[in-house]
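It should be emphasised that the depicted structure is a prediction, and the values quoted were computed from it without experimental measurement. Just so we're on the same page: letters track the sequence lines, and every chain starts at 1.
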Protein chains: 2
Amino acid sequence: MTTSTARLPNVNDRPDDQDRPNHQDRPYHHGRLRATLLAEAERALQEDGVEALSLRDLARRAGVSHAAPRRHFADRQALLDALAEAGFTRLADEVQAAVEDAGTAAQDAGFSARLRAGAGAYMRFAVRDAALMELMFAAKNTGDSAGPQEAAERLFAVIGGLIGQGQQAGALPSGDPFRFQLLFGATLQGIAAFVTSGRIPPGQADALVTDAVALFTRNAAP
Amino acid sequence: MTTSTARLPNVNDRPDDQDRPNHQDRPYHHGRLRATLLAEAERALQEDGVEALSLRDLARRAGVSHAAPRRHFADRQALLDALAEAGFTRLADEVQAAVEDAGTAAQDAGFSARLRAGAGAYMRFAVRDAALMELMFAAKNTGDSAGPQEAAERLFAVIGGLIGQGQQAGALPSGDPFRFQLLFGATLQGIAAFVTSGRIPPGQADALVTDAVALFTRNAAP
DNA sequence: ACCTGAACACCGTTCAAGT
DNA sequence: ACCTGAACACCGTTCAAGT
């Protein structure tokens, strides 16, 4: 892991280099700093995880001073909230698109296929952006942060709509659709957590999703 | 949130106070530093979350120098791994105890009750120790850290044993018990994640668990 | 309105030295 | 074997000042 040529003090080291202004040949106003910070943050999150995400580092990459992000994000948590919010929106979009791609047939078999397609999109997102997913479902989001919470509702609405269609088509048992939606959503989230935490190999996620869909759609006819 | 008497520079401030040795009237060797650090860490984790967990702070509370923990935990992640490992062990114990308390009747109705009891214990742990739960299922645990992984297997063995009993008693459909176990575990974990992330009110967790157990045990008879 | 620079109070990690 | 003290390279956050 650690190379044998560990870092040694060097005469070329400039101790206060960390915040070296590389923001000289640039207009005083960045223009779209908020968007730049978010984009860099998403990349850093995916590549190195939450821990490695620092405001000072993002500022450096954006070519502004370390205090500049303050205008756009009150603190580090506000940045994380914005990331989670964007994550929910993107996940909702991807699930919806996958469901629509799977056709609009409202028959029994067609519905299972759509459910599987939606669940598959969910899993792909969870595996690709595991750190983001953790952020989205972090316990911290409980108290404040209305942004993520609202974006999350969009995702649940997509799942809820799908469940409703399944019930209308007779592919799912009738019953409180909201509880059905929560249970199915929780199952997806749980499988995702098992995969991203390495409890099960990613290859087995598909089989588990298939099992889950089968379990939910099994006794459709009364 | 912030009081009006914000912190101002004060002549009494001793800049280097942070690591003030409060470890003077103590033998040079602490004796049980590792256990003390873990206990303090568990408390800090529960009260203030992972972010607030610092090795320096733990060292201060234990009354040792900031470099002392190094002997027992190679770095911060090693401490987190140890916490996750202990968490899995404790969760496995609590689920097992709850299942045993619910009786040993292997009949249909008895099994559902035992399954609900185990699931309930899982949820209580997840709500009480939300931050620890996040640590246990963090994506970071993927690569290294064999400790948590092994302790997690104990938990899965408890769930798997329960599933196996249900199948033998005819309370669960026959089929690959391992996949059943994973799916049920994932469902529990997903419900827990929804509760701790505030997606659903804690009061609704019980209803969801009941729904999940009903779904799994529904079509037992072939 | 948006950004900079300096300052403050923290971190984790390393390492020679102490007991 | 276990712990200390000093040092290094980072953090987040604040705030007066600049444009």
Side-chain angles (χ1 to χ4, degrees), chain A residues 1-3 6-37 41 44 48 50-80, chain B residues 1-37 41 44 48 50-80:
Chain A
M1 298 301 162
T2 55
T3 69
R7 198 182 186 287
L8 292 175
N10 184 303
V11 83
N12 288 324
D13 284 348
R14 293 172 47 201
D16 286 330
D17 228 28
Q18 60 169 117
D19 292 318
R20 170 188 69 258
N22 59 337
H23 44 74
Q24 298 302 40
D25 46 355
R26 213 196 12 81
Y28 194 86
H29 286 76
H30 183 283
R32 30 192 293 288
L33 181 53
R34 197 191 134 95
T36 303
L37 290 172
D48 305 306
V50 221
E51 320 277 62
L53 215 167
S54 97
L55 289 176
R56 287 180 106 111
D57 186 49
L58 295 175
R60 236 172 278 133
R61 290 171 190 275
V64 294
S65 86
H66 67 264
R70 233 279 161 136
R71 282 289 126 189
H72 304 281
F73 302 102
D75 54 22
R76 187 176 185 268
Q77 188 56 48
L79 207 218
L80 298 185
Chain B
M1 298 302 159
T2 55
T3 71
S4 57
T5 57
R7 199 183 188 288
L8 292 175
N10 185 305
V11 82
N12 288 324
D13 285 347
R14 292 173 47 201
D16 285 330
D17 228 29
Q18 60 169 119
D19 291 317
R20 172 186 68 258
N22 58 338
H23 44 74
Q24 297 299 43
D25 46 354
R26 213 199 8 84
Y28 193 87
H29 286 76
H30 183 285
R32 32 194 291 289
L33 182 53
R34 197 192 134 95
T36 303
L37 289 172
D48 305 305
V50 221
E51 319 278 60
L53 215 168
S54 97
L55 288 176
R56 287 180 104 110
D57 186 50
L58 294 175
R60 235 172 278 133
R61 290 171 190 274
V64 295
S65 86
H66 66 264
R70 233 278 159 138
R71 281 290 127 189
H72 305 280
F73 302 103
D75 54 22
R76 188 175 185 269
Q77 187 57 48
L79 207 218
L80 298 185

> What is the distance from CG of A:Asp75 to P of D:dC11, rounded to the nearest Å?
17 Å
> Between B:His29 and B:Asp57, who's closer to the 5' end of DNA chain C by nearest nucleotide?
B:Asp57
> Nearest to the side chain of B:Arg60, which nucleotide is it out of D:dC3, D:dA6, C:dC11?
C:dC11
> Considering all heavy atoms of both residues, which atom of B:Ala59 and which atom of B:Pro69 are nearest to each other, and what is their separation?
CB-CG, 3.8 Å
> Rounded to the nearest 0.5 Å, what separates atom CZ in A:Arg61 from atom OG in A:Ser54?
9.0 Å
> Within a strict 4.5 Å, meaning less than it, do heavy atoms of the A:Leu33 and A:His72 side chains meet?
yes
> Given C:dC3, D:dC3, C:dA6, which nucleotide is nearest the side-chain atoms of A:His66?
C:dA6
> Check whether any side-chain heavy atom of B:Arg76 lies under 4.5 Å from a side-chain heavy atom of A:Glu51, and answer yes or no.
yes
> Between B:Arg71 (CZ) and C:dC15 (C1'), how many Å, whole number?
11 Å
> Would you name the heavy atoms of B:Thr36 and B:Ala62 that are closest together and state the gap between them?
CG2-CB, 4.0 Å
> Looking at A:Val64, is its backbone amide N or carbonyl O close enough to the side chain of A:Arg60 to form a donor-acceptor pair, meaning the two atoms are under 3.5 Å apart?
no
> Looking only at side-chain atoms of B:Ser54, point me to the closest of C:dC3, C:dC11, C:dT13.
C:dC11
> If you only use heavy atoms from C-beta on, which nucleotide in D:dA6, C:dG12, D:dG12 is closest to the side chain of A:Arg56?
D:dG12
> Write down the distance between CZ (A:Arg70) and C1' (C:dG5), rounded to a whole number of angstrom.
16 Å
> I need the CG-P distance between A:Leu55 and D:dT14, as an integer number of Å.
12 Å
> I want to check one thing: is the phosphate of C:dT13, taken as OP1 and OP2, less than 4.0 Å away from some side-chain N or O of B:Arg76?
no
> Considering only C:dT14, D:dC3, C:dT13, which nucleotide approaches the side chain of B:Ala67 most closely?
C:dT14
> When the distance from CG of A:Leu58 to C1' of D:dC11 is rounded to whole Å, what number comes out?
13 Å
> Report yes if a side-chain nitrogen or oxygen of A:His72 is closer than 4.0 Å to either non-bridging phosphate oxygen (OP1 or OP2) of C:dC3; otherwise report no.
yes
> What do the steps show when you test A:Leu53 against A:Leu79 for side-chain contact (heavy atoms from CB on, under 4.5 Å), and what is the final call?
CA-CA 10 Å; A:Leu53 215 167; A:Leu79 207 218; 3.8 Å; yes
> Treating a pair as Watson-Crick (purine N1 to pyrimidine N3 plus N6-O4 or O6-N4) or G-U wobble (N1-O2 and O6-N3) with both distances under 3.5 Å, list the stems of 3 or more consecutive pairs that involve DNA chain D.
C:4-8 with D:12-16, C:12-16 with D:4-8
> Expressed as a whole number of angstroms, how long is the span from B:Phe73:CZ to D:dC3:P?
12 Å
> In whole angstroms, how far is the C1' atom of C:dC11 from the CD atom of B:Gln77?
16 Å
